[in-house]
Amino acid sequence: MATAHSLFTSSLRQHRQLLSKPLLYLPISLQSSFTSISGRNLGNRAGVYAEKGFRGRGVSPSPAIAVDSSTAAAEAEPEVKVEKERVVLPTNESSEKLLRIRHTCAHVMAMAVQKLFPDAKVTIGPWIENGFYYDFDMVPLANRDLKRIKKEMERIIKQNLPLIREEVSRDEAEKRILAINEPYKMEILESIREEPVTIYHIVEDDSGGVAADLGTGGFYKGAESNEWWDLCAGPHVDSTGHINKKAVELESVAGAYWRGDEKNKMLQRIYGTAWETEEQLEAYLHFKEEAKRRDHRRLGQDLDLFSIQDDAGGGLVFWHPKGAIVRHIIEDSWKSMHIKGGYDLLYTPHVARADLWKISGHLDFYRENMYNQMEIEEELYQLRPMNCPFHVLVYKRKLHSYRDFPIRVAELGTVYRYELSGSLHGLFRVRGFTQDDAHIFCLEDQIKDEIRRVLDLTEEILLQFGFDKYEVNLSTRPEKAVGSNDIWEKATTALRDALDDKGWEYQTDEGGGAFYGPKIDLKIEDALGRKWQCSTVQVDFNLPQRFDITYVDSNAEKKRPIMIHRAVLGSLERFFGVLIEHYAGEFPLWLSPIQARILPVTDTQLEYCNEVAIRLKENNIRAEVCHGERLPKLIRNAEKQKIPVMAVVGPKELETRSVTVRSRFGGEAGTMKLDDFLSRIKDAIERRNSF
């Protein structure tokens with residue numbers, strides 16, 4: 001094979017630093033039991049792995065891990081061994097010490113805020129997944145205020161003040177709250193049903209030491225006070241000195257409505273993160289930096305994949321041509337696999353008469369998530385929030401025999417759900433989205449086999465995208481439920497047996513099922529180790545009863561079928577957002593919007609470049625020609641757009657009817673005849689490999 005085009009090679013060397021940005025963070029797996037595709041239990045992988053000195057620019061074509069760009073053959077350099085430092089991040093579930101630290105940090109932060117801002121009113125301050133927050137009714141804060149608050153927190157931590165638990169009567173708690181004029185705490189007290197009421201104090205005496213006796217009187221908070229207390233059930237560390245001040249960071253300020261209700265007052269929410277060690281904090285900050293780099297909202301704009309237009313309204317997604325082609329590929333694959341798996345495809349309306357949603361129960365139980373009804377010819381209609389009732393109507397259109405079962409129907413159905421504007425978030429929280437919905441109607445003795453088929457199909461679909469680690473949960477009957485004990489037991493056993501047959505490890509959430517049936521939830525793990533809820537398998541005893549659907553059994557008697565709801569990807573919008581972040585925008589060759597970009601050294605080669613592009617398109621390869629700039633800039637632009645394959649054409653390539661090729665994942669592939677290039681890229685796409 002001929003060597004690469006000299007100008008192409010030199011240009012790439014000039015930009016090697018751009019292509020090989022140090023990736024200081026490797027994937028994390030938060031505390032959970034994950035199952036690999038082989039069914040092997042991967043155990044409790046509590047982990048953020050921060051590796052210093054690691055060189056890489058993204059994820060591999062099989063993107064469960066980041067790849068070292070030094071593996072690219074064409075970028076061979078002297079191998080440099082670096083010592084890697086691994087930091088494993090605990091979680092609130094795996095470390096009670098960490099949970100106590102975070103909860104106490106919320107109290108220390110609130111104490112610091114009220115020292116600096118005496119008029120601030122406190123509300124609630126819980127620990128959360130990666131830290132803590134506290135909501136205050138106070139003047140608007142700016143990020144610069146966080147430095148002052150953090151400094152005051154460090155002073156409190158350094159004093160090593162004890163946290164003292166006290167039990168008081170409800171009347172005493174009310175008396176103390178009234179004395180310090182904390183109206184939100186009074187509202188919280190009213191919601192506490194247990195007695196006695198517990199209070200946690202952070203106290204220092206006038207000389208800077210600890211007050212030995214709390215007594216029973218009211219204590220006052222504020223700039224002149226030496227004591228701070230809060231209604232709290234705990235737990236906490238024994239004293240503020242147990243917090244490592246170098247492992248605490250205040251992250252941001254945001255607005256939040258009291259009780260999450262937009263009709264209530266807007267509060268100031270301060271977010272913070274806290275860890276056991278400084279090294280853990282550093283690893284977490286590396287994770288945040290990498291997550292920011294992968295943010296699908298930024299990448300969606302940079303790569304021109306989608307947008308949400310203010311003129312149209314929040315939460316409504318516009319798929320641009322590049323994003324739309326990825327969606328088209330996903331949909332085609334999804335449909336093909338479902339047809340192969342014995343499903344019939346459906347297309348159903350986006351709107352129906354309001355009476356339908358009364359029958360289904362959505363108007364009783366889901367009204368707050370539905371849009372207002374519209375009147376058409378004196379009848380009320382409703383945009384659909386779900387597809388299920390439509391599939392039931394398709395089933396109900398004719399009489400069924402037991403011999404017809406199982407009946408499987410599937411639809412990529414768009415639904416509309418009302419979300420508060422403040423809760424909207426890119427593709428992850430929208431108002432209109434397309435679910436990969438399917439429903440199975442079957443007999444009781446077919447439940448297990450149908451669930452197993454769903455699990456197999458789910459794995460087959462998710463593996464295409466590199467998702468091979470799952471957290472699986474089985475949720476069982478809650479206290480209030482529809483359906484007999486017998487049918488619940490049969491359905492739950494069928495789900496459990498299907499999971500056992502599959503060989504997947506799973507956790508059981510006793511009593512965590514919906515009121516209408518047991519379910520299986522599956523979360524996937526992305527390249528950063530984050531878990532995303534995607535797949536759900538839900539047995540439903542409710543809708544068949546509400547719609548009175550039946551079949552004729554072998555004794556010519558009418559019986560009620562079992563209905564199974566099932567989604568694999570969840571919604572296309574959300575799944576696309578997950579994919580963008582999983583791949584960091586670097587879609588594998590088979591899924592990339594543009595698979596090859598043809599670059600002429602000068603416009604003299606432009607006609608031949610267009611011929612190359614036509615040949616590629618004739619073979620269903622997504623290709624385009626870019627010109628009008630110097631080659632180094634064309635290459636930089638292709639890299640920024642994360643194009644998988646670049647083919648450069650100069651005078652020599654024009655003369656020999658060849659191209660000089662570089663793969664984003666494989667490096668320089670050298671110069672090859674056009675037919676060879678076409679054959680290799682087709683083979684890579686068909687095999688779903690990198691070039």
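The first residue in the sequence is number 1, and the count goes up from there.
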When you measure from the side chain of Ser336 to the backbone of Ser333, do you find a donor-acceptor pair of N or O atoms at a distance under 3.5 Å?
no

Partners of Tyr516 by ring pair (Phe, Tyr, Trp, His ring centres under 6.0 Å), sequence neighbours excluded?
none

Glu331 versus Leu572, closest heavy-atom pair with distance
OE2-CD1, 3.3 Å

Go through the structure and list residues passing ring pair (Phe, Tyr, Trp, His ring centres under 6.0 Å) with His350, not counting sequence neighbours.
Tyr416

Sorted by chain and number, sequence neighbours left out, side-chain hydrogen bond (donor to acceptor under 3.5 Å, both in side chains) with Asp344 holds for none

Side-chain donor/acceptor pairs under 3.5 Å, residues 542-552, sequence neighbours excluded:
from   : atom 1 : to     : atom 2 : distance (Å)
Arg546 : NH1    : Ile359 : O      : 3.0
Asp548 : OD1    : Arg560 : NH1    : 2.7

Using only heavy-atom distances, determine whether the side chains of Arg566 and Gln538 contain a donor-acceptor pair under 3.5 Å.
no

Taking the six-membered ring for Trp and the full ring for Phe, Tyr or His, determine whether the centres of Phe465 and Phe575 are under 6.0 Å apart.
yes

More than 12 foreign heavy atoms under 6.0 Å from NZ of Lys558: is that the case here?
no

Centre-to-centre under 6.0 Å for Phe390 and Trp357, is that the case here?
yes

Steps toward ring-ring contact (aromatic ring centres under 6.0 Å, His included) verdict (Phe441, His391)
CA-CA 10 Å; Phe441 301 91; His391 293 191; 8.3 Å; no

Who pairs with Arg453 by salt bridge (Lys or Arg N to Asp or Glu O under 4.0 Å), at least two apart in sequence or on another chain?
none

Rounded to the nearest 0.5 Å, what separates atom OG in Ser690 from atom CH2 in Trp590?
14.0 Å

Arg297: partners by salt bridge (Lys or Arg N to Asp or Glu O under 4.0 Å), with sequence neighbours left out:
Asp295

Regarding Asn473 and Glu471, is there a side-chain donor-to-acceptor distance under 3.5 Å anywhere?
yes

